[in-house]
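Written out below as structure tokens is the structure these notes cover.
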Amino acid sequence: MNDILDFFVCDICSNKNFNLVYNFCLRFHGVNFSDDLIYDKIIEERYQCTKCQKTFSKKAIEEGLSVLRRKRKKN
């Protein structure tokens, strides 16, 4: 059997190439034992289409790949 490659593609322009984009933020919140705020550092990975610039979360890409797996298993 030959290998079959199914690519996740952008739902806007059908491009298969993406760049990794990072977002960095701090989430401040209070705690019940202190009046001081504490914070969590959050780093979010997003993937940007190289053609139309639409961004996708890692979760959206995993869900798209899951759809491709289900389609291929049915055939």
Side-chain angles (χ1 to χ4, degrees):
M1 182 176 161
N2 294 333
D3 290 342
I4 299 170
L5 296 176
D6 282 333
F7 289 94
F8 174 83
V9 294
C10 177
D11 57 357
I12 300 292
C13 67
S14 298
N15 184 32
K16 66 177 183 172
N17 298 314
F18 298 86
N19 288 324
L20 184 57
V21 178
Y22 292 102
N23 294 309
F24 304 94
C25 69
L26 297 175
R27 180 178 64 103
F28 292 92
H29 54 94
V31 291
N32 59 2
F33 56 84
S34 172
D35 291 335
D36 294 333
L37 291 175
I38 62 170
Y39 67 90
D40 300 317
K41 181 171 62 171
I42 300 171
I43 301 172
E44 182 181 285
E45 292 181 350
R46 302 213 33 103
Y47 298 86
Q48 185 176 47
C49 174
T50 58
K51 188 173 181 183
C52 73
Q53 311 309 310
K54 179 177 178 181
T55 60
F56 296 86
S57 67
K58 192 172 189 175
K59 181 181 177 184
I61 291 176
E62 288 299 326
E63 289 170 356
L65 293 173
S66 179
V67 168
L68 291 174
R69 278 191 295 273
R70 285 193 302 270
K71 282 182 184 178
R72 188 58 63 185
K73 283 184 176 183
K74 286 182 181 178
N75 294 335

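Since the structure is predicted, the reported quantities are computational estimates derived from the model, not experimental observations. In this chain, residues are counted from 1 in sequence order.
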Do L37 and H29 have side chains that get closer than 4.5 Å, going by heavy atoms?
no
Side chain to side chain, S66 and R70, heavy atoms closer than 4.5 Å
yes
Could you measure the distance from the SG atom of C25 to the CD atom of E44? Nearest 0.5 Å is fine.
7.5 Å
One should read off an interatomic distance between D11 CG and C52 SG, to the nearest 0.5 angstrom, of 8.0 Å
All heavy atoms of L20 vs all of E45, minimum pair found to be CD1-CB, 4.0 Å
Could you pull out the closest heavy-atom pair between F8 and L68, with the gap in Å?
N-CD1, 3.9 Å
Does the plane of the ring in F28 sit parallel, tilted or perpendicular to the ring in Y39? Use 30° and 60° as the thresholds.
tilted
Parallel under 30°, tilted from 30 to 60°, perpendicular over 60°: which one fits the rings of F56 and F18?
perpendicular
Hydrophobic clusters here meaning ILVMFWY residues chained together by side-chain heavy-atom distances under 4.5 Å, can you tell me if Y47 and F24 are in one?
yes
May I ask whether I61 and I43 are part of the same hydrophobic cluster, defined by side-chain heavy atoms of I, L, V, M, F, W, Y residues being less than 4.5 angstrom apart, directly or through others?
yes
N17 vs K51, test: side-chain contact (heavy atoms from CB on, under 4.5 Å). Steps then yes/no.
CA-CA 8 Å; N17 298 314; K51 188 173 181 183; over 6 Å; no
Please check if the number of heavy atoms outside K58 that lie under 6.0 Å from its NZ is greater than 12.
no
Check: Q48 side chain, Q53 main-chain N or O, donor-acceptor pair, under 3.5 Å
yes
